[in-house]
Amino acid sequence: FSIWGNVPKGPPVGDSNGERASTSPAILGITEAFKADSNEKKINLGVGAYRDDAGKPYVLPSVREAEKRVIENKMNKEYAGITGVPEFPSAAAKLAYGNDSPVLDKIAVTQTISGTGALRIGGEYLKRWYSGDKVIRIPTPSWANHKAIFQDAGLTVEPYRYYNKDTIGLDFDGMVADLKAAPPGSVFLFHACAHNPTGVDPSPAQWKELSRVCLEMNHLPFFDMAYQGFASGDSDADAFAVRQFIRDGHKILLSQSFAKNMGLYGERAGVFSVVGEDAEEAKRIDSQLKIIIRPMYSNPPIHGARIASQILNDPKLYTQWQAEVKGMADRIITMRKLLREKLEALGSKHDWSHITSQIGMFAYTGLKPEEVDKITKNYSVYFTKDGRISVSGITSKNVDHLAEAIFQVKG
Ligand code: PMP
């Protein structure tokens, strides 16, 4: 007899951003297979973190500078409060809602354990305090962790239409139809920009329409903003959807991550906010967020939040950071262009415009599972069977090999 004899071995869990969590263990095999491959030209397009043009992880110089200041200030290691390093969440909220947004004094805002923690706290808050159905609707497909996070918070998770396989684009009509078909007052999770995994975003005009339909239906929008600045290179442009919904009067929930745009992945710097009716309501919400957080982990880690706070609160460092985010976004955009150009130059008859119209870290190529298999087998290019590539794995040195591989298999 063993105490844990009844514990079954679960399926493998994807453990980083881009990975598909338990719905697709295949990616773990990909990393292993990539490592074992001796082909000099091998390419790993499964990575979920930014890589520079040499294929190396990148620490932003503004982050190095902020970290240096944190250390030089000889700050102590005392606990932060329950809602974190005080100057961080307020500055993060300004970044999201805009410096002079009228909602800044009507929000309850707290530091969280990166974006994942923000979503989890948000799920818990909805579960306890949302008076409507305890159901959250997420796009098909979505970041695989969304479902698990909200289920663990005790919500029921339902899908809404988002991606159209045939057009390799947005199923806008399906999305609107699902918004309209849901019971009034439903909670909808939106990717604020750079939808993961498809790279397909609504246009500004489409966001306006989505906002209008949500108002009409009295739906509650929950924005997951994991890539602000990282998508287009412009933090304001990437906040368009969030700010449009706010302009239209929505009381949104918002998750922010600084994993991608500051490259703070392992530091776990994130923020969660809820827009209330007024300052008094925000205070009540804030008290409930504290009640949720305290028994979960007492208070969040301080180091990454101090770094982010230095950057957000120092105008010079902030400007430097914005340029560096743009540098990352531009590299990704350039790699998209290069890949498309090379495919066209090779004579591919397929329409590759989606490669450049999509945005953010990931691209849905539209390649079929058997095509992905062939590309991997014959050309040592590794990516998931759904045809998703992490654009940040492309460099000016390997893009020719990648284009050649896709062209040889797909034509
Ligand atoms: N949402 C989406 C859509 C993501 O892709 C990610 C991963 N970067 C996150 C949230 C949260 O990641 P993290 O917990 O590392 O901030």
Side-chain angles (χ1 to χ4, degrees), residues 13-21 23-24 27 46-51 57-58 63 84 88-89 92 95-96 110-123 136-150 152-153 157 162-163 188-202 221-231 238-239 241-242 253-273 296-297 300-301 303-305 307-308 325 328-329 332 358-364 384 386 388-393:
V13 175
D15 71 350
S16 83
N17 149 56
E19 303 190 348
R20 315 302 306 284
T23 54
S24 171
I27 185 112
V47 288
Y50 180 79
R51 295 287 177 267
Y58 174 60
V63 166
F88 171 51
L95 178 72
T110 178
Q111 187 186 324
T112 55
I113 302 188
S114 211
T116 305
L119 295 164
R120 181 66 162 84
I121 299 298
I136 188 162
R137 289 173 162 76
I138 67 172
T140 308
S142 199
W143 181 44
N145 212 10
H146 278 146
K147 191 170 176 207
I149 290 169
F150 293 122
D152 276 9
V157 180
Y162 189 84
Y163 176 73
F188 274 82
L189 188 282
F190 297 117
H191 296 226
C193 61
H195 181 271
N196 177 6
T198 67
V200 173
D201 282 358
F222 188 160
F223 279 97
D224 178 3
M225 184 140 72
Y227 299 92
Q228 189 183 3
F230 195 92
D238 288 353
V242 164
L253 287 77
L254 175 68
S255 153
Q256 292 176 258
S257 168
F258 289 85
K260 305 297 148 34
N261 57 10
M262 285 193 185
L264 287 175
Y265 308 93
E267 296 287 358
R268 314 309 291 141
V271 170
F272 173 68
S273 54
M296 252 198 229
Y297 55 85
H303 190 68
I307 293 171
V325 184
M328 292 193 286
I332 295 222
Q358 294 169 359
I359 192 147
M361 185 107 85
F362 302 107
Y364 252 31
T384 42
D386 57 4
R388 188 195 74 165
I389 60 177
S390 173
V391 183
S392 117

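Counting convention: from 1, in listed order, for ligands and their atoms alike. Model, not experiment: these values are computed from the prediction.
Per-residue contacts place Tyr227 under 4.0 angstrom from the following atoms of ligand 1 (heavy atoms of the residue considered): 4 (C), 5 (O), 8 (N). Close contacts between ligand 1 and Ser114 involve ligand atoms 13 (P), 14 (O), 15 (O), 16 (O) [criterion: under 4.0 Å to a heavy atom]. Per-residue contacts place Gly115 under 4.0 angstrom from the following atoms of ligand 1 (heavy atoms of the residue considered): 11 (C), 13 (P), 14 (O), 16 (O). Within ligand 1, the atoms closer than 4.0 Å to a non-hydrogen atom of Ser257 are 13 (P), 16 (O), numbered from 1 in the order shown. Residue-ligand proximity, Lys260 to ligand 1, at heavy-atom distances under 4.0 Å covers atoms 7 (C), 8 (N). Each of the following atoms of ligand 1 lies closer than 4.0 Å to a heavy atom of Ala259: 15 (O), 16 (O).
For ligand 1, the polar-atom distance check finds no N/O of Ile113 at less than 3.5 Å from any of the ligand's N/O atoms. Taking distance alone, with nitrogen or oxygen atoms compared against 3.5 Å, Arg268 approaches ligand 1 more closely than that limit. Note: no N/O pair closer than 3.5 Å links Tyr265 and ligand 1 by distance alone.
Within the 4.5 Å cutoff, side-chain heavy atoms of Trp143 are placed close to those of Thr116. Within the 4.5 Å cutoff, the side chain of Val242 has no heavy atoms near those of the Phe190 side chain. Put simply, the side chain of Cys193 does not reach to within 4.5 Å of the side chain of Phe223, judged on heavy atoms.
The side chain to side chain contact (heavy atoms under 4.5 Å, CB included) check on Ser114 picks up Ser257, Ala259, Arg268, with sequence neighbours excluded. Under the rule for a side chain to side chain contact (heavy atoms under 4.5 Å, CB included), the partners of Ala363 that lie at least two apart in sequence or sit in another chain are Arg336, Gln358, Ile389, Val391.
In Phe258, neither the side chain nor the backbone holds a heavy atom less than 4.0 Å from any atom of ligand 1. The parts of Thr116 lying near ligand 1 are both backbone and side chain, judged by heavy-atom distances below 4.0 Å.
In summary, the aromatic rings of His195 and Tyr163 are positioned with their centroids too far apart to meet the 6.0 Å limit.
Residue contacts with ligand 1 do not include Met361, since none of its heavy atoms lies under 4.0 Å from the ligand.
Note that CD1 of Ile359 and CZ of Phe230 are 11.0 Å apart. Values are rounded to the nearest 0.5 Å.
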Report the C-alpha separation of Phe362 and Thr384 in whole Å, then their side-chain angles, then the decisive distance to 0.1 Å, and conclude whether the side chain to side chain contact (heavy atoms under 4.5 Å, CB included) test is met. CA-CA 11 Å; Phe362 302 107; Thr384 42; over 6 Å; no
